[in-house]
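Structure first, commentary second.
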Amino acid sequence: MENLERRDARRAVRWPVTVLVVLAALAGGLTLAARGWAGDPAAHGPTPAAGPRPVDLVERIDAYTGAFAVGAYTAPDADQRRAVADGVVRTLDGRPDEAGRLLAGVGYRLTEFTEAVSGRRTAEIADASGADPRGWGRIYLDLSTPAGWSAQVPHPVSDSRTEILGAELFRQAPGGVLVLAGAHRRAGTDGSADVAHRSDTVFAAVVEALATRGLPGLQLHGFDEGSLPGTDAVVSSGAGTAGEAAERTAAALEAAGLVVCRPWQQKCGQLAGTTNVGGRFAAGLGVTWLHVELANALRTDPARRAEVVEALAATARAW
C-alpha cells in the first residue's frame, strides 16, 4: 500500500512537468510560424503564379499584320473553311471544348486573355503556330457579353491601318466579333486572297456564319483621296438596301466634321461595295451590313482615327 502511494506521488510530480514541456514546445513553434509569415516569404510555401498579363489588342494585331508578305497565301478547302467557322460558332455558344477540338483539326487554336484597355475577357482563334503561314486570318470574340455585331477587316495592310481601326473599334463597343483577314489582298494567285471578293476563304466562311446568326456587320475599307476628291468617307449597305444604320453612321461621321458620300443619294464612284461577297450574303438574309470606305488620313492619323472609331462605335452599341 505504501509503495503504491509513493508511485502515485511520483506520477503526480511528473505530470505537471510534462505539460510544461509540451506547452513550451507549442509556444516556440507558434513563435517561429509567426516570424515566418511576417518576414520570410519562404515560410508561406511556393508563391502562387501570377495570372497572365493583359493583352493590348492593338499591339498584338499590329505585330501580326506587320509580318504580312505578298505571296504568302494557301487557299483552304471547304472542310477547312467550315471547321474554322464552326469553331467560331461553338465559341459564341459557350462550348469552347468542342470549338477547340474542331479548330485543332485544321491547325488552329482557341485561347483566352484579358484585353488590356477594355478589361474584357477575349477569345482569339488563330493559327496554332502563332504565325499565319497559310494566310487564313484571325478572329477575336468579346466573351464578356453575348455577341451583338461584327467588325470585318478584309484588306489589312493594303488598306493601311484598317486593321488598327478594327481593333480599336472592337474594344470600344462591347459584344463584338472582329474578323481579320490573314494576308495581303494581292497574296496568292488570281486574286485568291482578296477575301472581300472571294467566297472560298476562311474570312468569308466566318462572315457568313455570323450573318446566318443574325449579327449585323460593319466592314472597313480604305481608299486613296484621288479616287473620290473632296470626300472623306463613303457609307453604304453594299448590295442591300440602305436603312437606319447606314444613315445613322453617315450622320455620325458628318458630325465629326467629315464629308460623307451616300450611294443611295448620290454617285460615289466605285466605292459602294456592291460586289462585296459578304454584303451580298447578308443582303440575301436581310441582315444589316455596312460597307465603310475611309480616306487615308482618317486611318493613319491617330487623332482622326479616334474620331472615326467613336462614330462607328455608336452604331455598334446601338446594335
Side-chain angles (χ1 to χ4, degrees), residues 54-62 65 114-122 139-157 159-180 210 215-223 225 228 230-238 242-264 268 271 273 279 288-319:
V55 171
D56 186 306
L57 186 60
V58 168
E59 292 180 358
R60 191 175 187 87
I61 287 177
D62 201 23
T65 57
T114 299
E115 204 287 311
V117 173
S118 67
R120 294 195 288 266
R121 191 164 63 96
T122 302
I139 304 95
Y140 293 91
L141 306 94
D142 178 5
L143 300 180
S144 68
T145 189
W149 63 282
S150 74
Q152 305 161 14
V153 183
H155 299 147
V157 179
D159 286 2
S160 300
R161 309 311 274 172
T162 51
E163 64 275 12
I164 302 305
L165 179 65
E168 292 173 339
L169 176 59
F170 172 82
R171 67 187 185 186
Q172 187 76 2
V177 179
L178 173 61
V179 189
L180 182 66
L210 297 175
L215 264 66
L218 200 162
Q219 195 166 113
L220 304 170
H221 292 262
F223 70 95
E225 282 85 346
L228 201 63
T231 299
D232 297 311
V234 179
V235 176
S236 77
S237 295
E244 180 185 355
E247 181 55 55
R248 183 172 61 243
T249 302
L253 291 170
E254 283 181 335
L258 308 185
V259 177
V260 180
C261 188
R262 296 169 170 83
W264 64 94
C268 301
L271 301 176
T288 301
W289 185 88
L290 299 181
H291 182 276
V292 179
E293 291 271 5
L294 297 163
N296 184 68
L298 301 180
R299 295 175 275 116
T300 57
D301 180 81
R304 301 198 71 187
R305 190 171 64 238
E307 294 175 348
V308 171
V309 167
E310 181 53 42
L312 299 181
T315 294
R317 294 189 199 103
W319 284 332

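In this structure the side chain of Leu290 never reaches within 4.5 angstrom of the side chain of Ser236, judged on heavy atoms. Within the 4.5 Å cutoff, side-chain heavy atoms of Thr162 are placed close to those of Arg299. A 4.5 Å side-chain heavy-atom check between Asp62 and Ile164 finds at least one atom pair inside the cut-off. The side-chain heavy atoms of Gln152 and Trp289, taken from C-beta on, include a pair separated by under 4.5 Å. The closest side-chain heavy-atom distance from Val58 to Arg171 is below 4.5 Å. At a threshold of 4.5 Å between non-hydrogen side-chain atoms, the residues Leu57 and Thr122 do not count as touching. The closest side-chain heavy-atom distance from Val153 to Ile61 is not below 4.5 Å. Contact check for Val308 versus Leu258: side-chain heavy atoms found under the 4.5 Å cut-off.
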I'd like a table of donor-acceptor pairs (distance under 3.5 Å, sequence neighbours excluded) in which one partner is a side-chain atom from residues 242-250, with atom names and distances.
from, atom 1, to, atom 2, distance (Å)
Glu244, OE2, Arg248, NH1, 3.2
Glu247, OE1, Arg262, NE, 3.3
Glu247, OE2, Arg262, NE, 3.3
Glu247, OE2, Arg262, NH2, 3.1
Thr249, OG1, Ala245, O, 2.7
Thr249, OG1, Thr315, OG1, 2.7

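For Asp142 against Gly175, the heavy-atom pair with the smallest separation is OD2-N, 2.8 Å. Among all heavy-atom pairs drawn from Phe223 and Leu228, the shortest one is CE1-CB, 4.2 Å. The shortest non-hydrogen separation linking Thr65 to Val157 is O-CG2, 3.5 Å. When all heavy atoms of Val177 and Ala147 are compared, the closest pair comes out as CG2-CB, 4.1 Å. Nearest approach of Asp232 to Gly257, heavy atoms of both residues: OD2-O, 4.4 Å. Between Glu293 and Leu271, the shortest heavy-atom contact is CG-O, 3.6 Å.
A distance-only check finds no donor-acceptor pair linking the side chain of Gln172 to the backbone of Ala316 [under 3.5 Å].
Here CG of Leu294 is found 7.0 Å from CG of Leu253. Values are rounded to the nearest 0.5 Å. In this structure, CG on Leu220 lies 5.0 Å from CG on Leu165, to the nearest 0.5 angstrom. If you take CD on Glu115 and CG on Asp56, they are separated by 6.0 Å, rounding to the nearest 0.5 Å.
Counting only residues at least two apart or in different chains, salt bridge (charged side-chain N to carboxylate O under 4.0 Å, His left out) contacts with residues 303-314 comprise Glu168-Arg305, Glu310-Arg317.
Taking the six-membered ring where the residue is Trp, Trp149 and Trp319 present tilted rings, their angle falling between 30° and 60°.
Scanning for side-chain hydrogen bond (donor to acceptor under 3.5 Å, both in side chains) contacts around Thr114 gives an empty result, with sequence neighbours left out.
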